[in-house]
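Everything below concerns the one structure shown next.
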Amino acid sequence: MTLIKITTLVLCIVFGWAYSSGAQPIQISPVDETSNNAENEYTIYTAKGEAVSVRKHPGSFEFLANQYTVSGFEQFSVSPGKHMFAFLSQDDDGYHAEVFQEEGESLIKLPELESYDPDDPSPKIYVLDNGELFFRYNISYFRHYDANGEQLETLDNTSDSQRGEKISDLKVMPNSNGVLLSNSRILYSDDQVGSRLRYYDGEDEPKTIFTSENRYIKNVSFSRNGELIILHLVDESSENHYAKAIDTDGNEYLALNYDGFEPVELIAGNDGRYLTSRGSGRVMAHDMRTGESLGASSLRGSSTLAATFSSSHNAILVLTGSLSEQSREVSGLELRVINVAERSIDAEEIDGDFSWHDFVDLRIQPENNGFRITGLNRELNISI
């Protein structure tokens, strides 16, 4: 196990980080398929790579390919590849679900998931890219349905803690038919708050791959290929934050102790080698094979929205700006390229009106010989 203690280090002060004047020119251009999208319009791609658009309105989704609008739902779920959209509705008869493909074609309807219980705060659905569906109810139970709407299994995710636990959650894994069942907060004796994570492949019984009696799970993310699971853990008594990378067998690849730093997102690079830790105004990167710190920087006066580490440029790329939680408008966008070897920062302002809804992931992704900012209503190509 590699364990690293990260000290709070403001590199722009200690090492004299400087903004360079065009030494590394940054070119940003719109992606053709998305350049004409409306403010609330998002382009997603079918399994064949064809671009289709959806519009997110308050309380509804509009599938432009079929000119079909879904509304009146209580909750929705989008699969990791954005190939399936599922909607949960509720009336006096109970809970109902319907799954749509990305073009707006109805795949299955589940008219009788569960009777309505006003004392149950937990009903929720989760959809996979293959159309399979999970329905959560009664705090810690999950029903598994196949792509034809047939029930396959009922899973009990109760931790059996005598002190109680938070409502169970489920994470759908990318590029996989597997899911993670999470007890993110379990109460133990002496006021300790722990957690548990189980892996379920749809065939065998769920297996426990992580457990702790003094660290709770704040968030779970994945490498792009889905092979690595990144846990953001918190010790409630000390308020320390940690990162841990494991696989579906529970094997540990990295453990980090953040000292005085609170990440808001942990991003594993495309090949799962580099971990970028994004805070509200600070970023850092680590080599996940060696545990080596690759660099860090504080960004004063800016809120980070997305970040990634590029080994080919030896740099952390950071998208900064302001997001309106109510309108979902994004303003003041700027791309910063932090060269951790030269200790310099290049920046480029991004003009235009943008929006972002969190059913799509806001990411800086490698694309051909450059990068692409995905998740905005109008995506952007980057060349540095």
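- Of the inter-residue distances, the one linking Leu275 atom CG with Leu254 atom CG reads 6.5 Å to the nearest 0.5 angstrom.
- In the displayed structure, Glu349 atom CD is contacted under 6.0 Å by at most 12 heavy atoms of other residues, nucleotides or ligands.
- Side chains of His96 and Glu112: a donor-acceptor N/O pair is absent below 3.5 angstrom, by distance only.
- For the pair Phe135 and Leu88, the minimum side-chain heavy-atom distance is below 4.5 Å.
- Asp91 CG: more than 12 foreign heavy atoms inside a 6.0 Å radius.
- The distance from atom CD1 of Ile345 to atom CD1 of Ile338, rounded to the nearest 0.5 Å, is 5.0 Å.
- Remark: the Asn225 side chain and the Ser223 side chain contain an N/O donor-acceptor pair separated by less than 3.5 Å.
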Could you give the side-chain donor-acceptor pairs of residues 98-105 under 3.5 Å, partners two or more places apart or in another chain?
from	atom 1	to	atom 2	distance (Å)
Glu98	OE2	Ser106	OG	2.7
Glu102	OE2	His83	ND1	3.0

(request) Give the C-alpha distance, both sets of side-chain angles, the deciding distance and a yes or no for side chain to side chain contact (heavy atoms under 4.5 Å, CB included) between Tyr188 and Val193. (result) CA-CA 6 Å; Tyr188 292 98; Val193 182; over 6 Å; no
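- Residues Glu33 and Tyr45 form a side-chain contact, since some pair of their non-hydrogen atoms from C-beta on lies under 4.5 Å apart.
- Atoms CD1 and OG, on Ile384 and Ser310 in that order, are 6.0 Å from each other to the nearest 0.5 Å.
- Note that OG of Ser161 is 9.0 Å distant from CD of Glu213, once rounded to the nearest 0.5 Å.
- Listed for the Asp93 side chain is no donor-acceptor partner under 3.5 Å among the backbone atoms of Ser115.
- Atom CD1 of residue Ile230 and atom CG of residue Leu256 lie 9.5 Å apart, to the nearest 0.5 angstrom.
- Put simply, the side chain of Ser212 gets close to the backbone of Arg215: a donor and an acceptor are under 3.5 Å apart.
- When hydrophobic clusters are built by joining Ile, Leu, Val, Met, Phe, Trp and Tyr residues whose side-chain heavy atoms come closer than 4.5 Å, directly or via intermediates, Ile229 is not grouped with Leu170.
- Evaluated for a side-chain hydrogen bond (donor to acceptor under 3.5 Å, both in side chains) with Thr43, the options Thr34, Asn37, Asn36, Thr374 yield exactly one hit, Asn37.
- Using bins of under 30°, 30° to 60° and over 60° for the plane-to-plane angle, the ring pair Phe85/Phe63 lands in the perpendicular bin.
- Remark: the Asn177 side chain and the Asn130 side chain contain an N/O donor-acceptor pair separated by less than 3.5 Å.
- Checked for salt-bridge contact, Arg143 and Glu114 meet the test: a charged N lies under 4.0 Å from a carboxylate O.
- Checked by atom type, the side-chain pair Ser195/Asn183 shows no donor-acceptor distance below 3.5 Å.
- Side-chain contact between Arg336 and Thr320 is present, with at least one heavy-atom pair separated by less than 4.5 Å.
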(request) Start with the C-alpha distance between Lys244 and Glu252, add both sets of side-chain angles, then the distance that settles salt bridge (charged side-chain N to carboxylate O under 4.0 Å, His left out), and finish with yes or no. (result) CA-CA 7 Å; Lys244 184 182 291 289; Glu252 184 178 287; 2.5 Å; yes
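- For an aromatic pair to be called close, the ring centres must be under 6.0 Å apart, and Phe371 with His313 satisfies this.
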(request) In sequence, state the C-alpha distance, the side-chain angles, and the governing distance for Leu376 and Leu333, and then conclude on side chain to side chain contact (heavy atoms under 4.5 Å, CB included). (result) CA-CA 11 Å; Leu376 296 173; Leu333 282 180; 4.0 Å; yes
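- Ring orientation note: the planes of Tyr274 and Phe309 are tilted relative to one another, at an angle of 30° to 60°.
- With a 4.5 Å cut-off on side-chain heavy atoms, Asp92 and Tyr116 do not count as touching.
- Ring centroid separation for the pair Phe73 and Phe87 comes in under the 6.0 Å cut-off.
- When the options Glu132, Glu150, Gln151 are evaluated for a side-chain hydrogen bond (donor to acceptor under 3.5 Å, both in side chains) with His144, the one that passes is Glu132.
- Side-chain atoms of Thr208 and Arg198 include no donor-acceptor pair closer than 3.5 Å.
- Taking Arg224 as the reference, nothing meets the salt bridge (Lys or Arg N to Asp or Glu O under 4.0 Å) condition, with sequence neighbours excluded.
- With Thr46 contributing its side chain and Lys48 its backbone, the two residues share a donor-acceptor pair below 3.5 Å.
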(request) Before giving the answer on salt bridge (charged side-chain N to carboxylate O under 4.0 Å, His left out), spell out for Lys207 and Asp249 the whole-Å C-alpha distance, their side-chain angles and the decisive distance to 0.1 Å. (result) CA-CA 8 Å; Lys207 63 179 178 181; Asp249 289 319; 2.5 Å; yes
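- Side-chain N or O atoms of Asp117 include one that pairs as donor or acceptor with a backbone N or O of Asp119 at under 3.5 Å.
- Taking hydrophobic clusters as Ile, Leu, Val, Met, Phe, Trp and Tyr residues chained together by side-chain heavy-atom distances below 4.5 Å, Tyr95 does not share a cluster with Leu155.
- Remark: side-chain polar atoms of Arg55 are not paired, donor with acceptor, to backbone N or O of Asn40 under 3.5 angstrom.
- The OG atom of Ser159 lies 12.5 Å from the CZ atom of Arg185; values are rounded to the nearest 0.5 Å.
- The pair Glu292-Arg289 does not count as a salt bridge, with every side-chain nitrogen at least 4.0 angstrom from each carboxylate oxygen.
- Every residue two or more places apart in sequence or in another chain that forms a ring pair (Phe, Tyr, Trp, His ring centres under 6.0 Å) with Tyr42 is listed here: His357, Phe359.
- With contacts defined as side-chain heavy-atom distances shorter than 4.5 Å, the pair Tyr216/Leu233 does not qualify.
- Checked by atom type and distance alone, the side chain of Thr211 never pairs as donor or acceptor with a backbone atom of Arg196 at under 3.5 Å.
- Between the side chains of Asn157 and Tyr141, no donor N or O sits under 3.5 Å from an acceptor N or O.
- For Asn251, the CG atom sits in a packed shell: over 12 heavy atoms of surrounding residues, nucleotides or ligands are nearer than 6.0 Å.
- Two different hydrophobic clusters hold Leu113 and Phe134 under the rule that ILVMFWY side chains link at heavy-atom gaps under 4.5 Å.
- Remark: Lys82 does not engage Asp129 in a salt bridge, criterion side-chain N to carboxylate O under 4.0 Å.
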(request) Start with the C-alpha gap between Arg363 and Glu265, add the side-chain angles, then the distance that decides, and say whether salt bridge (charged side-chain N to carboxylate O under 4.0 Å, His left out) holds. (result) CA-CA 11 Å; Arg363 293 282 184 265; Glu265 185 181 27; 2.5 Å; yes
(request) Dump the intermediate steps for salt bridge (charged side-chain N to carboxylate O under 4.0 Å, His left out) on Arg136 and Asp120, then the final yes or no. (result) CA-CA 10 Å; Arg136 183 185 69 190; Asp120 183 4; over 6 Å; no
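- Aromatic rings from Phe76 and Phe61 are positioned such that their centres are separated by under 6.0 Å.
- Under a hydrophobic clustering in which Ile, Leu, Val, Met, Phe, Trp and Tyr are joined whenever their side-chain heavy atoms come within less than 4.5 Å, directly or via other members, Val127 and Val220 fall into different clusters.
- Between Tyr200 and Glu205, every side-chain heavy-atom pair lies at or beyond the 4.5 Å cut-off.
- In the hydrophobic cluster analysis, where Ile, Leu, Val, Met, Phe, Trp and Tyr join through side-chain heavy atoms closer than 4.5 angstrom, Ile209 is grouped apart from Val172.
- In this structure, a donor-acceptor pair under 3.5 Å is absent between the side chains of Ser355 and Arg328.
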